[in-house]
**Student:** 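Before I ask anything, here is the structure I am working with.
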Amino acid sequence: MNIRLKDGSCKEYSEDKAIIDIAYDISEGLARMATAGEVDGKVVDLRTILSHDCELNILTANDEKGLAALRHTTSHVMAEAVKRLYPEAKVAIGPSIDTGFYYDFEHEPFSREDLDSIEKEMKKIIKEGAKIERFELSRQEAIQLMQDKNEPYKVELIQDLPEDEVLSFYEQGGFVDLCAGPHLMSVKSIKAFKLISSSGAYWRGNENNKMLTRIYGTAFGKKDELNEYLVHLEEIKKRDHNKLGREMELFATVDVIGQGLPLLMPKGAMMIQTLQRWIEDEEERRGYMRTKTPLMAKKDLYVISDHWEHYKEGMFVLGDEEKDEEVFALRPMTCPFQYYVYKQKQKSYRDLPCRYGETSTLFRNEDSGEMHGLTRVRQFTISEGHLVVTPEQIEEEFKGCVDLAKYCLSTLGVEADVTYQLSLSDPENMGKYLGNRETWNEVEQMMREILGHIGINYKEETGEAAFYGPKLDIQAKNVYGKEDTMITIQLDMFLAERFDMTYVDKNGEKKRPYIIHRTSIGCYERTLAWLIEKYAGLFPTWLCPEQVRVLPISEKYHDYAQSVLKQLKEEGIKCTVDERGEKIGYKIRESRLDKVPYMLVVGAKEEEENVVSVRSRYLGDEGAKTLATFIADINQEIKTKEIRKIEVE
RNA sequence: GCUGUUAUGGCUCAGUCGGUAGAGCGUCACCUUGGUAAGGUGGAGGUCACGGGUUCGAUUCCCGUUAACAGCUCCA
C-alpha cells in the first residue's frame with residue numbers, strides 16, 4: 001500500500017502497519033511527539049492499523065486535533081488520580097474542550113487543596129509512565145465490566161449507545177475507561193498540565209439530573225505554552241468589562257438595588273447616550289418612525305401574544321392572578337405594543353413598509369444565577385424595531401436591516417469580530433413553536449435565499465429560533481471566548497395573525513403582512529460591555545466620556561487652562577481640567593491618562609498665541625498646535641467617528 | 001434555580017485559635033524640585049455586607065439573608 005504524507009512524499013509498505021509504526025519509520029522524534037493520526041481527513045488513534053492506500057497526517061500537540069487527544073488523555077490520567085485518592089468517586093464523562101479538558105465525578109465538591117493533591121497524584125502517575133492499551137468489548141461484556149467496577153454512569157452510557165456501536169476501552173495502569181479515543185501511546189507524553197477549577201455540573205447537562213462534580217484542567221505540549229496560557233488568563237481579566245467597567249466608573253451594582261440591575265454611572269450613561277443619539281438619528285434617516293410605548297401592560301396583552309403561556313416565568317408580574325381583578329406585567333419585549341401602533345388605523349399596501357423604532361427598556365426575570373455584569377441583566381434598553389411588510393418587500397427590508405446592523409458594527413470598529421448564525425426551528429420539537437412545519441420550511445428557506453443574495457457567511461443552528469420565526473443572530477465573543485448575541489434580525493410569519501394585523505392590497509382585499517423584528521445596535525448595556533472589552537477601555541474618541549484632559553503645567557496657567565476648557569466645551573467636546581498637573585510635571589500624570597485620547601498641555605512658551613501642546617493616545621506627541629486647529633481636528637474626528645489605530649495590550 | 005467560593009479603608013490584600021483592626025498602592029496637606037515618567041514629611045479614611053444566635057464580650061464561632069465571582073442549567 002501507498003501512504004501519502006503531509007509533505008507530499010510517499011511511503012510504501014508491503015504489509016499492514018499501525019500508524020505509530022509508520023511514525024517511527026519516519027523519525028523517532030515524530031513518533032515521540034505523535035498524539036493521534038489523521039487518515040483521509042479523519043482523526044484516528046495511533047494504534048489504528050492501515051491496510052489501504054491513504055493520506056496520512058501524524059498529529060502532534062501543535063495541531064488543534066492533536067492537542068485535543070493530548071488533553072483527552074490528560075483527563076483520563078486525572079480520573080485515575082481521583083480514583084486512587086477517592087476510590088468511592090464514580091466517573092462520568094471527561095472530554096477535551098477548547099481550553100483544555102474536564103472530567104465529571106459523582107463525589108463531594110473538591111477544594112483547591114484537593115485539586116492540588118490530585119495534581120500531585122497525576123504527576124506520580126505520569127512518572128510511573130504506564131502504557132495505554134486499547135481493547136474492544138461486546139455490549140454485554142462492556143456492561144458487565146463496568147458493573148464489576150461499580151460505575152453506574154458508564155453502564156448508563158453504554159446502554160444508550162446504538163446497538164452496532166463498537167465499544168472501545170482504554171486502559172492505563174489498571175484504570176479502564178469506556179472511550180472512543182484517540183489517546184496517546186503512554187501517559188509519559190504528558191508534559192505540561194494544570195487543574196484550573198472545580199464546580200458542579202448536571203449529569204448529561206439536564207437540570208433534573210443529579211449534580212456531579214466537575215474538574216476543569218488544561219494541558220499543552222510544552223511547559224512554556226502552559227505558562228503563556230496561564231499568563232494570558234490573568235491578562236484578559238484586565239479587560240473583562242465587569243472589572244474594567246467598574247474601575248472606570250462606567251457602572252456599579254448595589255446590594256439593596258438587586259441583582260441584574262446595574263447603575264450606569266455618569267461616564268457610562270454618557271457613552272450610552274452618545275450611542276443612542278447617533279442610532280436614533282440614523283434610523284430616522286432610514287425611514288423609521290419613533291414610538292414610545294408603555295413599560296407594562298395587562299396580562300391580556302401577553303395572553304394574545306402567547307408570552308403568558310410560554311414565558312410567564314420570565315416576566316415580572318404585578319399583582320396576584322388569584323385575588324386581583326387586573327394583573328399587569330412589565331414588558332419583556334416591545335413587539336405587541338408596536339403592533340397596536342400599527343393597528344390604530346386601517347393600512348393600505350401604500351403604507352407599507354411600516355418601520356417602527358423605539359429605544360425600549362425591557363424587563364426579564366432571569367434566574368438568580370444568570371446575571372453577569374452588563375451582559376446579562378434584568379432591565380436593559382434595546383434599539384428595538386418592527387417592520388410590517390408585504391411579502392414582496394420582505395427581501396429588500398430584510399437586507400435593509402442587515403445593512404443597518406453592518407453599518408453599526410463597522411462604525412464601532414467591530415465588524416470583523418462577529419459571526420453570523422441562522423437560528424432555525426427544531427423539527428423534532430415543533431411544540432415549542434407557533435404554526436406548522438410547512439410554513440417554517442418555507443420561511444427558513446426564504447431566509448437562506450436572502451442571506452445567499454446578501455452574500456454573508458453564516459452557520460445554521462437548529463433549535464435556536466424564536467417561537468414565532470427564524471432569526472439571523474449576529475454573535476460576538478467576550479474576552480473569555482463565551483459567545484453572546486449582540487444583534488438579531490428575525491422573520492415572523494405568525495404574530496400578524498394572532499394580532500389580526502392586515503393591510504389592503506391593490507385589489508381591495510385584506511392581506512396578512514409579515515413582520516421583521518430587529519435591533520440595529522443591540523442592547524445598549526451589552527454593547528457597552530462588548531466595547532469595553534474590545535478596546536480595553538481605550539475607546540474611539542467619539543465614544544469617550546472624557547475626550548480631552550487639559551493640564552496646566554504650573555499655577556500661573558490655571559486661568560488660561562480654564563479658558564481653554566471653556567472653548568472646548570462650547571464646541572461640545574467632553575473635557576476636564578487637571579489643575580494638579582503642574583505639581584509633579586505632566587509626564588508623570590500621563591501614566592494616569594491612559595484612557596483619555598487627548599491631553600492638552602497648556603502653559604508652554606506659546607500661550608500668548610493660543611497655542612497648546614498636544615499629546616494623543618494614538619499619535620504620541622503631536623507637538624504645538626493652535627487651539628483652533630486642535631478643535632477643528634478633534635471635531636472632525638468625532639463627527640466622522642474615525643477610529644484610529646492604537647496599540648491595545 | 002443548582003454546586004462551590006467569597007464579602008475587612010478608593011484598589012489589592014493581611015489579620016484576630018473570640019477582647020472593636022493593619023500593610024502596599026491611591027488620595028489629601030505641606031516642603032523641595034521654576035516644566036520632562038522626582039523625593040521627603042505629615043494626615044484623613046473602616047460601626048470588618050446585613051439580620052439573628054451562642055458568649056461577660058463577636059469582625060472572628062453558628063444559623064439566616066443579600067450581593068459578587070466561577071461553572072452548570074436557562075436566555076422571548
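The chains referred to below are lettered A, B, ... by the order of the sequence lines, with proteins before strands, and numbering in each begins at 1. Computed from a prediction, not measured in an experiment: that's the story for all the values here.
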**Student:** Of the listed nucleotides (B:U66, B:A76, B:G1), which one gets closest to any side-chain atom of A:Asp367?
**Tutor:** B:G1

**Student:** Which word best sums up how the rings of A:Phe110 and A:His107 line up, parallel for under 30°, tilted for 30 to 60°, or perpendicular for over 60°?
**Tutor:** parallel

**Student:** B:A58 and B:C25: how far apart are their C1' atoms, nearest whole angstrom?
**Tutor:** 31 Å

**Student:** Taking B:A68 as the reference, what is the distance to B:C50 when you measure between their C1' atoms (whole Å, please)?
**Tutor:** 15 Å

**Student:** The test is side-chain hydrogen bond (donor to acceptor under 3.5 Å, both in side chains); show your working for A:Asn208 and A:Tyr202 and say whether it passes.
**Tutor:** CA-CA 8 Å; A:Asn208 299 316; A:Tyr202 298 111; over 6 Å; no

**Student:** Starting the side chain at C-beta, find the nucleotide from B:U12, B:G1, B:G4 nearest to A:Tyr202.
**Tutor:** B:G1

**Student:** Under 4.0 Å between any heavy atoms, over every strand shown, what does A:Lys243 touch: base, sugar-phosphate, or nothing? Just pick one.
**Tutor:** sugar-phosphate

**Student:** Just call it for A:Arg112: base, sugar-phosphate, or nothing, with non-hydrogen atoms closer than 4.0 Å on any strand.
**Tutor:** nothing

**Student:** If you compare every side-chain N and O of A:His372 against the phosphate oxygens of B:A70 (OP1, OP2), does one of them come in below 4.0 Å?
**Tutor:** yes

**Student:** Considering every strand and a 4.0 Å limit on heavy-atom distances, what is the contact class for A:Phe110: base, sugar-phosphate, or nothing?
**Tutor:** nothing

**Student:** To the side chain of A:Arg376, which of B:A68, B:C75, B:U73 is closest?
**Tutor:** B:C75

**Student:** Any side-chain N or O of A:Tyr216 less than 4.0 Å from the OP1 or OP2 oxygen of B:C72?
**Tutor:** yes

**Student:** Rounding to an integer number of angstrom, what distance separates B:U8 and B:A49 when you compare their C1' atoms?
**Tutor:** 10 Å

**Student:** Suppose you measure atom C1' in B:G22 against the same atom in B:C48; what distance do you get, rounded to whole Å?
**Tutor:** 12 Å

**Student:** Need one value for A:Pro332: base, sugar-phosphate or nothing, where a base atom within 4.0 Å counts as base even if backbone is also close, heavy atoms only.
**Tutor:** base

**Student:** With the side chain of A:Ser199 defined as its heavy atoms from C-beta on, choose the nearest nucleotide among B:U73, B:G4, B:G71.
**Tutor:** B:G71

